[in-house]
Amino acid sequence: MALIFSVSGVRGIVGSELTPEVAAAVGRAFGSFLGGGRVVLGRDTRRSGPTMRDGVARGLRAGGCTVLDVGVASTPGTALMVRKVGADGGVVITASHNPPEYNGIKLLSGQGWTLPAEEAERVRRIWQEGQFGGQPIEDAGSPEPLGGVHEEHVSATLQIVDAAAIAKRRLRVVLDSINGAGCVGTAILLDRLGCELVHINSEPNGEFAHMPEPIAENLDQLYQAVERERADVGFAQDPDADRLVVVDESGTFIGEEYTLPLAAQPVLSERPGPMATNLSTSRLIDEVAGRVGCTVYRTPVGEAHVAQEMMVRGCVFGGEGNGGVIDPRVVPVRDSFVAIALMCQLITSSGKSVSELVAELPRYAMVKRKFPCDAVRAARVLAAVREGFAGGRINEADGVRVDLAEGWVHVRASNTEPIMRIIAEADNEEQALRLIDRAERIAAEVG
Ligand code: MG
């Protein structure tokens, strides 16, 4: 494995690929890119967090920036503080859902967005070419602490729901925070929403009790706790608390693709308007938006693309099918706090259980595959796929997505590895497999 520099920043294994020196160089490149100013710095709970923070802070100061340290904080919380104090940028030390031996550096713009692809590329070039600029700020010890991240994030989140009504419902909630950055703030949020909280993996100590990606196979503890505690709902966050997945009242995982369409419902029913999501996200969201006459804009994969589209189109809501929802009223990045508050709102205002809410939506089958493919071959594969599916509605904003009556298939090259990803969704698994097989056959015929 090599150090990965993508739109979402740098990620790698601490000690081998990602060292304090690398962290300092990336910090310095970002400081140079910003041309000085103030940068808010947060981190998730990984053990390597403090060392990485010191490296990044040293680099930022060498690049001419003043560093405001919010301490352990979620990605959305850190982004919120960037906007709150009018900083010039933000950095989150996190490898998101990667295993504990990893860490990473995620860059945020002064608007609190994930840095757009072209700007991330400029930072990468400054770093790799060593063309640092900026007036170094003399190392004056530790970065300046900036308090209040959890309070600020919770109070902004409470503004978008009817907290008093939710509190009356006394929802019983099990939350798995994976001992990550969501532990402290999310407990405050659920308390303000009057929920009875059973909090598992609730110590912000970076000891991940299971593989940290919030997907079906990693959440057994949560399923059992929801059942045992007779809870109304179960939530799981990832280590930097930007993604959220939901478990119904029987302790059954409903699927990460349901977070966005469920969370969107209370928003769209109150303030109908356009939405944005990426091309690989389930068409469940088209169903939900379509019921209230709202448009869904599709973007290339990557949070920055969704956030940018939301800004350009004036979207009221957006996100990704991996459990990332974005409400621009709170902060323009994926936010598990927002997802939790909106789920509580939906359960309360509908008077329905989570399983009943899920049953109101279609059950689609999604199948994902990948195969090795370098950039040269990728271009030929995509051209062949476009031709092979010529009868469908084609979107080429990111690889090739084909919409057909029976479903859709999306073929795209990964941003971080020499692989091609194929995702298909249809009314049932058989149809989805047929679509994915057809795409794979086309790819296989390309030399
Ligand atoms: Mg994450």
Side-chain angles (χ1 to χ4, degrees), residues 4-12 14 18 41-46 48-49 52 70 72-82 90-108 112-115 120 149-150 153 157 175-186 189 201 204 206 208-216 218-219 222 235-246 256-257 259-260 263 277-278 280-281 301-307 318-327 330-340 414-416:
I4 291 171
F5 199 114
S6 72
V7 181
S8 43
V10 178
R11 245 181 239 185
V14 176
L18 186 56
L41 179 56
R43 62 186 158 92
D44 74 15
T45 54
R46 285 163 204 271
S48 56
M52 288 297 133
V70 295
V72 169
S74 65
T75 294
T78 306
L80 187 95
M81 294 305 274
V82 170
V91 176
V92 193
I93 313 284
T94 179
S96 190
H97 59 268
N98 282 42
E101 61 272 25
Y102 283 79
N103 213 331
I105 302 166
K106 190 169 177 158
L107 308 175
L108 304 170
W113 314 87
T114 304
L115 212 61
V149 60
H150 304 309
H153 192 192
T157 306
L175 170 67
D176 180 349
S177 294
I178 183 89
N179 296 328
C183 288
V184 176
T186 319
L189 173 68
N201 301 319
F208 301 153
H210 51 78
M211 286 302 281
E213 183 157 32
I215 50 176
N218 295 336
L219 302 174
L222 179 60
F235 295 126
Q237 296 170 305
D238 72 334
D240 67 322
D242 60 349
R243 285 165 59 187
L244 186 87
V245 297
V246 180
E256 61 267 32
E257 291 285 343
T259 308
L260 178 64
T277 190
N278 70 41
S280 282
T281 293
V301 173
E303 181 182 6
H305 294 295
V306 177
E320 299 177 336
N322 59 9
V325 309
I326 303 175
D327 190 318
V330 177
V331 67
V333 299
R334 296 174 304 191
D335 189 341
S336 67
F337 286 47
V338 161
I340 285 175
S414 161
N415 294 324
T416 51

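Just follow the structure's listing: the first ligand is 1, and inside any ligand the first atom is 1. Note that the structure is a prediction, hence the values are computed from the model and not measured. Each residue takes its place number in the sequence, starting with 1.
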Measuring from the Mg ion (ligand 1), name the closest N, O or S atom belonging to [X].
X	result
D240	OD1
D238	OD2
D242	OD1

Side-chain touch [X]/[Y], heavy atoms, less than 4.5 angstrom:
X	Y	value
H97	N322	no
Y102	L18	no
L41	I93	yes
P76	D242	yes

Let me check your reading of the structure: within less than 2.8 Å of the Mg ion (ligand 1), is there an N/O/S atom from T94? no

